[in-house]
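We count residues from 1, following the sequence as given.
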Amino acid sequence: MHAIGNYIVNHSNKKVLYVTSNEFVEDYTGIASIEKGISSMNYAKNFKDKYKNVDVLIIDDIQFLGSANATQQEFTNTFNSLYSNSKQIIICSDRSVDDLKMFADRLKTRFNWGLKAIISVPDFDLKVKIIKNKIKTADLAIDLSDEIIDFMASNCGSDVRNLEGMITRLAAYSSIWGIQILSLENAMEALDEYVNGMGQYTENSIGKIINVVSEYFKLTPDDLKGKKRSKNIANARMIAMYLCRVLTDETYPRIGLEFGGRDHSTVIHGYDKINDDMKSNGELEKMISELKQKMSE
């Protein structure tokens, strides 16, 4: 979302506003204005000026707007005002429009007016480009060979933040040990925890979760990835999907892909069901805690 906003700013004279859904709620309810010492009589005008006098409105994590009915209505008004004046609205969500169950139909209809695009996990070549660009833009005093960069791209997982952590680690390692040109062996030593199970990604990878859950329920990974729908397998599969969502940064589509190419809506259903059942099922909550503990072993 930031990249889109920066591109528009750098290639046009349009006024761009980026906010999260939480910031939108705070602005609408006056929380942000009151904290800044602005009287309640003026915050409504400030809200209108902020959101309706822009060329491009970008709102991140729109799914969190679902539980606020009054704010939904105000967002509808804002949407209509911008749309009628030929302005642009860009929204981002971790689920599809059809899966925004708590949204009013009028909003979901408006969301479907626009162009929908799925942001997929970066492939190897894109990871390589990201690494090179981040080193360049951060002006880091390290010189990484293509061999090291390929190693990083192959072992970072699907989360770009792991790439940032790797680059920071290599820069610190180079500075501490006074090594201007790192060898592949140096890089492998510095990044050991990212590759051999100590880092966030490898601890909580989808593959590891599938293995731990299948072993816990005396099943096989193929059972969770396959088409079998017996009660014990289906329940274990939903628990695994739930853990993938809460223990990793992977998207619903990516999780579904790892579970035999299932649709993202299946993953959302599994997550929602386990999340709801835990509120009234102490045994299930205990089971989830035990699995989380096994994930950290």
Side-chain angles (χ1 to χ4, degrees), residues 1-4 6-7 10 94 117-215 220-222 224-225 240-241 243-261 291-297:
M1 299 293 277
H2 284 273
I4 293 172
N6 288 333
Y7 183 89
N10 293 332
D94 65 357
I118 296 176
I119 302 175
S120 57
V121 175
D123 59 18
F124 176 83
D125 290 337
L126 180 55
K127 292 175 188 176
V128 169
K129 292 180 181 178
I130 291 172
I131 293 170
K132 292 180 177 179
N133 186 62
K134 285 189 175 295
I135 293 173
K136 180 180 178 181
T137 56
D139 195 25
L140 297 174
I142 55 174
D143 185 9
L144 301 182
S145 66
D146 289 340
E147 190 178 27
I148 293 176
I149 292 175
D150 288 351
F151 172 78
M152 295 169 66
S154 299
N155 290 278
C156 70
S158 59
D159 189 348
V160 173
R161 281 173 289 185
N162 283 315
L163 283 179
E164 295 176 327
M166 284 179 154
I167 295 170
T168 302
R169 176 64 60 84
L170 288 181
Y173 183 92
S174 175
S175 176
I176 291 171
W177 295 103
I179 305 174
Q180 292 185 341
I181 301 178
L182 295 171
S183 65
L184 178 59
E185 290 71 24
N186 295 145
M188 292 175 68
E189 179 181 351
L191 300 176
D192 180 69
E193 70 176 62
Y194 284 88
V195 179
N196 294 320
M198 296 292 289
Q200 179 183 5
Y201 171 77
T202 50
E203 276 192 5
N204 297 330
S205 67
I206 294 177
K208 182 173 182 179
I209 291 173
I210 289 175
N211 289 335
V212 169
V213 173
S214 60
E215 182 180 355
T220 68
D222 287 341
L224 300 187
K225 297 177 183 180
M241 290 176 174
L243 289 171
C244 286
R245 185 57 181 167
V246 299
L247 295 180
T248 77
D249 292 319
E250 301 289 5
T251 62
Y252 287 117
R254 177 64 181 176
I255 296 172
L257 183 65
E258 295 293 335
F259 280 83
L291 285 166
K292 287 181 178 179
Q293 179 61 38
K294 287 183 177 294
M295 287 296 303
S296 63
E297 294 175 355

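Listed by chain and number, the residues in a side chain to side chain donor-acceptor pair (under 3.5 Å) with Lys134 are Glu164 (sequence neighbours excluded). Listed by chain and number, the residues in a side chain to side chain donor-acceptor pair (under 3.5 Å) with Asp143 amount to none (sequence neighbours excluded). Under the side chain to side chain donor-acceptor pair (under 3.5 Å) criterion, Ser175 pairs with no residue, sequence neighbours left out. Under the side chain to side chain contact (heavy atoms under 4.5 Å, CB included) criterion, Leu184 pairs with Glu147, Ile148, Phe151, Met188, not counting sequence neighbours. Qualifying side chain to side chain contact (heavy atoms under 4.5 Å, CB included) partners for Asp150, counting only residues two or more places apart in sequence or in other chains: Phe124, Val128.
Considering NZ of Lys208 and OG1 of Thr248, their distance stands at 13.0 Å, rounded to 0.5 Å.
Between Ile167 and Met152 the shortest side-chain heavy-atom distance falls below 4.5 Å. For the pair Met295 and Leu243, the minimum side-chain heavy-atom distance is 4.5 Å or more.
The stretch residues 166-186 participates, sequence neighbours left out, in these salt bridge (charged side-chain N to carboxylate O under 4.0 Å, His left out) pairs: Arg169-Glu193.
Nearest heavy atoms, Ala187 versus Leu170: CA-CD2, 3.8 Å. Minimum interatomic distance between Leu224 and Val213 (heavy atoms only, all atoms of both residues): CD1-CG1, 4.1 Å.
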*Assess whether side-chain contact (heavy atoms from CB on, under 4.5 Å) is satisfied between Ile209 and Arg245, documenting all intermediate values.*
CA-CA 10 Å; Ile209 291 173; Arg245 185 57 181 167; over 6 Å; no
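Asn133 places no side-chain N or O within 3.5 Å of a backbone atom of Lys129 that could act as its donor or acceptor partner.
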